[in-house]
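The structure appears below as structure tokens.
Computation of the quantities below employed the complete heavy-atom set of this structure, encompassing side-chain atoms and omitting hydrogens, waters and symmetry-equivalent molecules.
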Amino acid sequence: FPENLGFSGFFIIFLIHFKFTPMAAHDKKKKKDSVKKFDKEDLYHDVEQEKKDKLTGKKFAKLLLKQEIELVKLQEWVKARKLKVVIIFEGRDAAGKGGVIKTISGCLNPRICRIVALGTPTEKEKTQWYFQRYVSQLPAGGEIVLFDRSWYNRAGVEKVMGFCTNEEYEEFLRACPEFERMLIRSGIILIKYWFSVSDHEQEKRFQDRIQDPTKRWKISPMDIESRDKWVEYSMAKDKMFSYTDTKQSPWHVVHADDKKRARLNVIDHLLSMIPYEDLTPKPFKLPPLKHDVAYVRPPITDQTFVPEKY
């Protein structure tokens, strides 16, 4: 180095030399590689449920039978105490909402427990207050209403598919928490379930439905169009939760990749949400049949019977 370079000049040359040495380049590359890279696919998928051993049909039936007995006890309590119960089932398409609803209602009296699954609103309903058509379906005393989708359509499919304006959507988010608080103040027991299913499992169920002629009707053109909007539905769900997952009316998220476990978990949770006592009628003996010997029945040939092919 030149003698008159001085310390400052030497230090500058040292920095330039260090920057372009292979070691410096290696350190720079190492630092770059240390930054975690996110695959855009990771942002697309929901968190998948932890895998557990498969629940056999025999074990599932045994556990379900115990829960069905408890559901009947709950039904009798609701009837006797004139309770008003609303249970909302929301979630992704093919998440298993319908299966859980059928399981719950299957062992109950349809006059006490009824299912509400409203279709597309009519032209008249579109001009009404948004919550109006749902209000008419609310329970009277001694009733349980299971909503297979509900007023939350506005925060999900209507928002994502463009069936409502931004003003209508924002107004729903503001009004919904107050609407539900009003229901609760009126004495309604409101329970909300969100069924969470991974995109892999949802796609598998869609394919199964296509292959099964008894389930093919479940896939609508809207379902097919929605397959390409997974992220949009995720964003809509997250925003909906931020407004409507309140202390008075919280959302209860159900891991639904495993259908059997999801059904058992929901029923178990539901039974824990409403305190009840066993009012099931006790077994009793039927009185002897009475026969009126004076009655002569008309000829059997006068009746029309269903052909016995089986």
Side-chain angles (χ1 to χ4, degrees), residues 49 52 55 59-92 94-118 134 137-152 156 176-177 179-181 183-197 237 240-241 244-280:
Q49 185 178 355
K52 296 183 179 180
L55 196 62
K59 186 175 181 181
F60 171 72
K62 183 178 179 180
L63 293 171
L64 180 59
L65 178 59
K66 293 181 179 179
Q67 292 186 337
E68 287 177 334
I69 294 172
E70 296 303 313
L71 282 172
V72 172
K73 294 178 183 178
L74 174 61
Q75 169 191 265
E76 295 303 314
W77 182 259
V78 168
K79 178 183 177 182
R81 293 295 182 268
K82 301 296 182 183
L83 300 181
K84 296 175 288 185
V85 181
V86 171
I87 308 173
I88 290 176
F89 297 85
E90 292 284 352
R92 300 275 189 178
K97 302 179 294 296
V100 174
I101 291 172
K102 288 180 181 179
T103 303
I104 293 173
S105 62
C107 64
L108 300 180
N109 185 340
R111 294 178 179 84
I112 297 176
C113 178
R114 57 186 172 88
I115 302 170
V116 174
L118 300 183
Y134 297 102
Q137 301 294 334
L138 294 175
E143 289 185 344
I144 302 171
V145 176
L146 312 178
F147 276 94
D148 186 351
R149 296 211 181 275
S150 64
W151 46 84
Y152 282 100
C176 185
F179 171 68
E180 292 180 352
R181 281 192 287 268
L183 296 182
I184 295 169
R185 287 196 302 268
S186 74
I188 288 177
I189 299 172
L190 178 61
I191 303 172
K192 303 186 300 191
Y193 291 110
W194 176 270
F195 286 72
S196 178
V197 65
K237 176 254 183 179
M240 179 186 79
F241 267 47
T244 63
D245 186 21
T246 62
K247 183 178 180 180
Q248 297 89 347
S249 180
W251 280 103
H252 304 284
V253 180
V254 182
H255 285 298
D257 275 7
D258 187 323
K259 289 184 179 180
K260 292 177 180 177
R261 294 185 189 278
R263 294 175 188 181
L264 295 174
N265 288 332
V266 169
I267 296 174
D268 180 76
H269 181 267
L270 173 59
L271 292 169
S272 71
M273 294 294 289
I274 306 174
Y276 63 94
E277 297 178 11
D278 185 3
L279 300 180
T280 307

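Counting heavy atoms from C-beta on, the side chains of S249 and T244 never come closer than 4.5 Å. Contact of the K52 side chain with the D258 side chain is not registered, since no non-hydrogen atoms from C-beta on lie closer than 4.5 Å. In this structure, the side chains of I267 and L64 come closer than 4.5 Å at one or more pairs of heavy atoms. Side-chain contact check for R149 versus K97: some heavy-atom pair is nearer than 4.5 Å. Inter-residue side-chain proximity for L264 and L55 is flagged as met; some heavy-atom pair is nearer than 4.5 Å. The side-chain heavy atoms of I104 and F89, taken from C-beta on, include a pair separated by under 4.5 Å. Contact of the Y276 side chain with the L271 side chain is registered, since non-hydrogen atoms from C-beta on lie closer than 4.5 Å.
Rounding to the nearest 0.5 Å places NZ of K66 at 12.0 Å from CG of D268. Interatomic distance, CG of L190 versus CZ of R181, reported as 12.0 Å (0.5 Å rounding). To the nearest 0.5 Å, atoms CG (D148) and CD1 (I101) are separated by 3.5 Å. One distance of note links CG of D245 with NZ of K237; it measures 9.0 Å at 0.5 Å rounding. For the atom pair I69 CD1 and T280 OG1, the distance stands at 9.0 Å (nearest 0.5 Å). Taken to the nearest 0.5 Å, the CG atom of L270 stands 4.5 Å off from the CD1 atom of I87.
Shown are F195, Y193, W151, W251; of these, the side chain to side chain contact (heavy atoms under 4.5 Å, CB included) with E90 is made only by W251. Screening V86, V266, I88, I274 against I191 for a side chain to side chain contact (heavy atoms under 4.5 Å, CB included) leaves a single residue, I274.
The backbone N or O of A140 sits nowhere less than 3.5 Å from a side-chain atom of K82 that would complete a donor-acceptor pair. At distances below 3.5 Å, at least one donor-acceptor pair connects side-chain atoms of K84 with backbone N or O atoms of S186. Looking at R114, its side chain does come within 3.5 Å of a backbone N or O of Q137 through a donor-acceptor pair.
Counted within 6.0 Å of CZ on R111, heavy atoms from surrounding residues, nucleotides or ligands total 12 or fewer; the atom is thus considered open.
What you find for L279 and A80 is that their closest heavy atoms are CD1-CB, 3.6 Å. The two residues V197 and A256 have their closest heavy-atom pair at CG2-O, 4.5 Å. When all heavy atoms of S105 and I115 are compared, the closest pair comes out as OG-CD1, 3.6 Å. Minimum heavy-atom separation, W77 to P275: NE1-O, 3.2 Å. Shortest non-hydrogen contact noted between C107 and V72 is O-CG2, 3.8 Å. The nearest pair of heavy atoms linking L71 to L108 is O-CD2, 3.5 Å.
Salt bridge K73/E70: present, at least one basic N to carboxylate O contact under 4.0 Å.
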